[in-house]
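Nothing here was measured: the structure is a model prediction, and the numbers come from that model.
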Amino acid sequence: MKQTIVAISVTLICVMLVCCIGGVSQVYADKRLTPIYCVDRTDNYVAISFDAAWGADKTRQIMDVCDKYGVKATFFLVGFWIDKYPEMVAEINSRGFEIGTHSSTHPQMSKLTSEQCAKELSESSKKIFDITGKSVTLFRPPFGDYNNQLINTATSLGLYTIQWSVDSLDWKGLSARQIAERVQSAKSGDIILCHNNSDHIVEALPLIFEALKLKNLKFCPIGKLIYTENYYIDNSGKQIKQQTNTTL
């Protein structure tokens with residue numbers, strides 16, 4: 001009788017351990033990964049970015065205004081845009097602007113398989129490399145839509161998944177002043193989202209640059225804003241530098 005009780009007790013303990021371990025594993029498996037929305041910085045640097053999927057007639061004007069204000073922006077390009085405007089891709093690169101991928105066909109990538117995601121990213125990155133000779137390290141998901149599979153796939157291809165913390169909403173047809181008013185809320189470490197062919201982006205840029213200059217903010221490409229090692233991303237999407245212990 002005593003042996004039976006002991007055996008039952010041992011069995012119950014084993015079951016409990018399995019359940020606990022399984023529960024912990026499930027917690028880690030279900031942990032939601034987060035792209036980089038902004039960066040924990042106190043040096044007053046911000047980044048402005050332009051997604052390019054349709055049209056290119058304002059792209060050169062955007063670069064002209066950026067050059068006038070000494071701003072180097074980041075352009076996220078879709079594969080079919082690259083196919084249609086290869087000379088513009090070359091000019092964006094030659095004028096010193098940063099280029100990232102915005103996928104190959106601009107799908108809702110959370111609905112794709114990992115293989116389809118990898119194809120979207122690798123094909124678009126190759127198109128950029130073939131024109132610029134530079135490896136792509138940044139990726140912005142179409143529609144801002146993502147899941148763990150997409151982030152893991154991008155990471156496996158050497159890509160940092162980038163969102164934004166300041167949305168200009170320029171694609172909604174806002175006036176130049178309305179766009180600038182939205183963006184002037186930017187602070188150190190923020191990533192600003194714009195589009196290369198929105199209605200009033202060219203007129204809005206001088207207002208944006210002047211307003212942020214008054215706040216003592218400076219611009220750099222996203223690749224120089226983010227940390228590329230020894231960092232973590234909190235639940236809000238803020239990328240934070242890991243504190244290293246220098247104590248011997």
Any heavy-atom pair between the side chains of Lys238 and Cys38 that's under 4.5 Å?
yes
Closest non-hydrogen contact found for Leu225 with Gly189 is CD2-O, 3.8 Å
Could you check whether atom NZ of Lys84 has more than 12 heavy atoms from other residues, nucleotides or ligands sitting under 6.0 Å from it? no
Using side-chain contact (heavy atoms from CB on, under 4.5 Å), reason through Glu123 and Thr105 one step at a time and then give a plain yes or no. CA-CA 10 Å; Glu123 286 187 352; Thr105 64; over 6 Å; no
Within a 6.0 Å radius of atom NZ on Lys241, are there more than 12 heavy atoms belonging to other residues, nucleotides or ligands? yes
So Ser49 and Phe76, do their side chains get closer than 4.5 Å, heavy atoms only? yes
(message) Any heavy-atom pair between the side chains of Phe50 and Met63 that's under 4.5 Å?
(response) no
- prompt: Is Lys187 paired with Asp190 through a side-chain N to carboxylate O contact shorter than 4.0 Å?
  reply: yes
**Basic-acidic side-chain contact under 4.0 Å: Asp64, Arg95** = yes
With the 4.5 Å side-chain cut-off for hydrophobic clustering, are Tyr85 and Ile128 part of the same group? yes
Practice item. Determine whether Asp43 and Ser188 make a side-chain contact, defined as any pair of heavy atoms from C-beta on separated by less than 4.5 Å. Key: yes
Ring pair (Phe, Tyr, Trp, His ring centres under 6.0 Å) test vs Phe219 passes for just one of Tyr69, Tyr45, Phe97, Phe209, namely Phe209
Result for side chain to side chain contact (heavy atoms under 4.5 Å, CB included) between Ile131 and one of Ile92, Ile99, Val89 points to Val89
Rounded to the nearest 0.5 Å, the CD atom of Glu203 sits from the NZ atom of Lys58 at a distance of 7.0 Å
Q | Side-chain heavy atoms of Pro35 within contact of Tyr146, under 4.5 Å | A | yes
Under 3.5 Å donor-acceptor, Asn44 side chain and Asn216 backbone
yes
Heavy atoms of Pro141 and Ile162 approach each other most closely as CD-O, 3.6 Å
- Task: Would you check if the side chain of Glu98 reaches a backbone N or O of Lys72 as a donor-acceptor pair within less than 3.5 Å?
- Result: no
ask   = Does NZ belonging to Lys126 count more than 12 external heavy atoms closer than 6.0 Å?
value = no
Nearest heavy-atom contact between Ile179 and Ile201 is CD1-N, 4.5 Å
In this structure, would Val166 and Ile62 fall into the same cluster of hydrophobic residues linked by side-chain contacts under 4.5 Å? yes
Hey, any chance Val39 and Tyr160 share a hydrophobic cluster, counting ILVMFWY side chains that come within less than 4.5 Å of each other, even indirectly? yes
Cluster link Leu174 to Val202, ILVMFWY, side chain under 4.5 Å:
yes
**Message:** Looking at Asn235, I'd like to know if its CG atom is crowded, meaning that more than 12 non-hydrogen atoms belonging to other residues, nucleotides or ligands lie closer than 6.0 Å.
**Reply:** no
The reported gap from CZ in Phe129 to OG1 in Thr101 (rounded to nearest 0.5 angstrom) is 15.0 Å
Separation between CD (Glu115) and OG1 (Thr153), nearest 0.5 Å, reads 8.0 Å
For Asn196 and Gly55, indicate whether the former's side chain and the latter's backbone hold a donor-acceptor pair under 3.5 Å. yes
Ring pair (Phe, Tyr, Trp, His ring centres under 6.0 Å) test vs His106 passes for just one of Phe143, Trp81, Phe80, namely Phe143
Side-chain touch Ser198/Cys194, heavy atoms, less than 4.5 angstrom | no
- prompt: Between the side chain of Gln149 and the main-chain N/O of Leu112, is any donor-acceptor distance below 3.5 Å?
  reply: yes
Taken to the nearest 0.5 Å, the spacing of Asp51 CG from Arg140 CZ works out to 4.5 Å
| query | Do Arg32 and Asn148 have side-chain heavy atoms sitting under 4.5 Å apart? | reply | yes
Side-chain donor or acceptor of Ser125 paired with backbone N/O of Ser122 under 3.5 Å
no
Residues Thr74 and Leu138: closest non-hydrogen pair is CG2-CD1, 4.1 Å
Of all heavy-atom pairs linking Lys127 and Ser104, the shortest is NZ-OG, 4.2 Å
Closest non-hydrogen contact found for Ser124 with Glu120 is OG-O, 2.8 Å
Notebook entry, point to check: For the side chain of Ser103 and the backbone of Val78, is there at least one donor-acceptor N/O pair under 3.5 Å apart?
Noted result: no
Handout entry: Donor-acceptor pair, side chain of Tyr227 and main chain of Gln239, under 3.5 angstrom
Key = no
- Query: Hey, any chance Leu159 and Ile226 share a hydrophobic cluster, counting ILVMFWY side chains that come within less than 4.5 Å of each other, even indirectly?
  - Reply: no
Rounded to the nearest 0.5 angstrom, the CD1-CG distance for Ile192 and Leu212 is 5.5 Å
Point to revise | Working for side-chain contact (heavy atoms from CB on, under 4.5 Å), residues Glu181 and Arg177 | key: CA-CA 6 Å; Glu181 286 174 351; Arg177 185 162 298 281; 3.6 Å; yes
Worksheet item: Does some side-chain heavy atom of Phe139 sit less than 4.5 Å from a side-chain heavy atom of Leu150?
Response: yes
### Query
Above 12 or not: heavy atoms from other molecules or residues under 6.0 Å from NZ of Lys224?
no
Here the gap from Leu193 atom CG to Leu169 atom CG, rounded to the nearest 0.5 Å, amounts to 8.0 Å
